[in-house]
Amino acid sequence: MSAIDRQMNILEFTLSSLLRRKGRNAALLVVYTIVVAMLASVMFFTRALRDEASHVLQGAPEIVVQRTIAGRHELVPPGYAGAVSRIRGVREVRPRLWGYYFDPAVGANYTVIVPTGIVPEGSENIREGEVTVGSALSRARKAYVGDVFPFRTHDGRSLNLRIAALLPQETELVSADLVLMSAADFGRLFGFAPGMATDLEVRARNPRELATIATKITEALPDARPIIRAEVARTYDALFDWRGAFMSTALMGALLAFVIFAWDRASGLSAEEKREIGILKAVGWETSDVLGMKMLEGAVVSLTAFLLGTALAYLHVFFMDSSLFLAALKGWSVLYPSFTLTPAVDAYELVTLFFMSVVPYTAAAAVPSWRAAIADPDTVMREE
Amino acid sequence: MRFGRKSVMHVALTLALLAALFAMAGHAALSERGRGGRAGLVARLGLTDLCVFTEARYTRHPVMADRASAFQDHPLSFEHFPSGSLMGPPPHLRAQAGDE
């Protein structure tokens with residue numbers, strides 16, 4: 001008999017033995033699969049968000065210079081742009097106009113931006129009296145192209161702007177709450193003094209000098225706070241680190257409950273199972289065969305749960321827009337993007353999940369069987 | 001040698017699920033899903049953040065948040081937005097706070 005035949009026979013026997021306790025093992029497989037699917041969902045979701053951030057935010061400003069006073073953001077006065085542009089290595093400085101607008105009608109915060117378009121092929125050319133809005137905002141406000149969008153200005157007057165266009169739905173992950181408007185309308189809405197800007201966007205001649213330029217900016221303007229592009233990437237790496245995330249912590253309770261359940265199932269042998277081992281030994285099975293069979297039993301359950309759970313998680317995150325997480329992700333937000341994430345799979349994380357889910361259960365299943373298998377068959381069969 | 005029906009079915013199921021795992025990896029490697037459009041918009045508008053949590057300034061734009069974000073209005077006004085517990089603070093804020 002070849003090795004494959006032998007293993008297939010042991011597998012056949014193992015499956016028959018599992019099917020004899022159909023209800024118990026089916027329940028275990030279902031719970032096991034759900035736990036793996038939840039863990040894998042968190043893993044896929046956070047990985048995809050980090051991947052998205054690192055790809056999409058590559059075009060983020062090289063340096064953003066803010067001004068802070070008493071721990072709060074302050075508008076940047078006109079002289080700052082000149083002071084920054086005199087620093088050696090700076091290619092271009094552009095004041096940015098943006099801010100937040102709270103809309104009491106839906107209870108949502110919008111991000112209002114005046115497109116400056118350092119990249120010349122910018123298509124977001126906004127005319128005075130018009131706005132372009134994000135798709136999620138349009139859905140929440142039930143306002144579409146051609147509708148009038150009413151704003152209340154800083155001095156209490158109303159400002160009615162016409163929606164000229166919606167930002168494409170595929171860009172929702174960066175544009176859900178955006179309102180793009182002209183500089184003139186922005187000035188009317190927020191009452192910025194002439195020449196004042198929210199912050200400055202700085203481009204360097206040599207991108208490798210960003211850190212040096214940032215230091216020089218702080219030296220020249222002590223109340224300025226430069227944020228370089230590398231910090232954008234680091235922020236999103238840290239933000240969605242699944243091992244440190246709140247979601248993993250929340251799942252930890254469920255995971256521990258499952259570990260206790262699985263340990264109890266795998267490590268405690270029922271009288272029937274002990275009798276089975278005794279009979280197998282009595283009919284000539286080696287201890288190693290019994291052990292192999294029991295480990296295979298553990299592996300069948302845990303490997304199936306791992307593979308099924310991972311596939312379900314992939315479907316959940318990338319084809320059902322992570323619907324199970326939405327309640328947690330929404331928080332108190334009124335506007336939220338549809339999480340149509342670009343799928344990302346990380347082999348290292350999958351292998352970690354495999355070792356976390358398959359190996360402990362398989363090992364836990366083997367220990368008590370080994371104890372029963374080395375005992376005298378007669379004693380094992382008589383035990384109740 | 002003829003194999004048992006159950007074992008053959010199980011092996012087939014496991015192989016199918018393994019194939020699905022590889023198919024997922026392949027699908028992920030090939031997927032774009034409008035990423036180009038998003039990257040273009042980020043570059044044109046000079047955006048700094050993903051629009052994931054729109055509750056508060058520091059959750060909407062974590063990169064632009066300042067060190068006092070969670071204490072915006074009062075020294076004892078602790079973090080109270082749910083999404084603040086889902087995301088850690090940006091590392092550059094922690095590094096700067098440590099330097100001081």
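Letters A, B, ... are given to chains in the order of the sequence lines, protein chains preceding strands, and every chain is numbered from 1. If you're wondering where the values come from, they're calculated on a predicted model, not measured in any experiment.
Counting only distance, with no hydrogens or angles, the side chain of B:S31 and the backbone of A:P343 share no donor-acceptor pair below 3.5 Å. Remark: the backbone N or O of B:M64 is paired with a side-chain donor or acceptor of A:Q66 at under 3.5 angstrom. Side chain of A:Y314 to backbone of B:A20: no donor-acceptor contact under 3.5 angstrom is found.
Side-chain contact between A:M8 and B:V8: present, with at least one pair of heavy atoms (C-beta onward) separated by less than 4.5 Å. Between B:R38 and A:E52 there is a side-chain heavy-atom pair separated by less than 4.5 Å. For the pair B:L47 and A:I113, the minimum side-chain heavy-atom distance is below 4.5 Å. In this structure, the side chains of B:R35 and A:D51 come closer than 4.5 Å at one or more pairs of heavy atoms. Contact of the A:Y236 side chain with the B:V63 side chain is registered, since non-hydrogen atoms from C-beta on lie closer than 4.5 Å.
When each of A:S16, A:A48, A:A60, A:P61 is checked for heavy-atom pairs under 4.5 Å with chain B, A:P61 comes out on top. Top candidate by heavy-atom pairs under 4.5 Å with chain A, chosen from B:G34, B:G36, B:A29, is B:G34. Top candidate by heavy-atom pairs under 4.5 Å with chain B, chosen from A:L173, A:N109, A:T14, is A:L173. Ranked by heavy-atom pairs under 4.5 Å with chain B, the first of A:Q169, A:R229, A:R234, A:H55 is A:H55. Counting heavy-atom pairs closer than 4.5 Å to chain A, the top residue among B:R60, B:H27, B:E32, B:M24 is B:M24. The most heavy-atom pairs under 4.5 Å with chain B, out of A:I228, A:V345, A:T342, A:L178, come from A:T342. Counting heavy-atom pairs under 4.5 Å between each of A:T68, A:L341, A:L303 and chain B puts A:L341 at the top. Annotation: maximal heavy-atom pairing with chain B below 4.5 Å, among A:T111, A:L11, A:V174, occurs at A:V174. When each of B:A23, B:A28, B:A25 is checked for heavy-atom pairs under 4.5 Å with chain A, B:A28 comes out on top.
For the atom pair A:L335 CG and B:T54 OG1, the distance stands at 5.0 Å (nearest 0.5 Å). B:R5 CZ to A:L15 CG: the interatomic distance, rounded to the nearest 0.5 Å, is 11.0 Å. With rounding to the nearest 0.5 angstrom, the OG1 atom of B:T14 is 9.5 Å from the CG atom of A:L308. Atoms CD and CG, on A:E201 and B:L45 in that order, are 10.0 Å from each other to the nearest 0.5 Å. The line from CG of A:L180 to CG of B:L41 is 7.5 Å long, rounded to the nearest 0.5 Å. Atom-to-atom distance recorded for B:S7:OG and A:N9:CG is 7.5 Å, nearest 0.5 angstrom.
For chain A, the nearby part of B:L21 is the side chain; its heavy atoms alone come within less than 4.5 Å. A:A53 touches chain B through backbone and side chain together, each having a heavy atom under 4.5 Å away.
With no hydrogens or angles considered, no side-chain donor-acceptor pair links B:T48 and A:R96 at under 3.5 Å.
Ring geometry for B:H61 against A:Y100 counts as tilted: the plane angle lies between 30° and 60°, on a 0 to 90° scale.
Dense packing is recorded around CZ of A:F13, with more than 12 heavy atoms of other residues, nucleotides or ligands lying under 6.0 Å away. The neighbour count for B:L15 CG, taken as heavy atoms of other residues, nucleotides or ligands under 6.0 Å away, is above 12.
Figure legend: cation-pi geometry between B:R33 and A:F319, with NZ or CZ positioned under 6.0 Å from the six-membered ring centre and within 45° of its axis.
Minimum heavy-atom separation, B:V52 to A:P337: O-CD, 4.0 Å. In plain terms, the two heavy atoms of A:D177 and B:C51 that are nearest each other are OD1-SG, 3.5 Å.
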- Message: side chain to side chain contact (heavy atoms under 4.5 Å, CB included), that's the test. Do B:H10 and A:T304 meet it? Break it down for me.
- Response: CA-CA 9 Å; B:H10 178 75; A:T304 310; 3.7 Å; yes
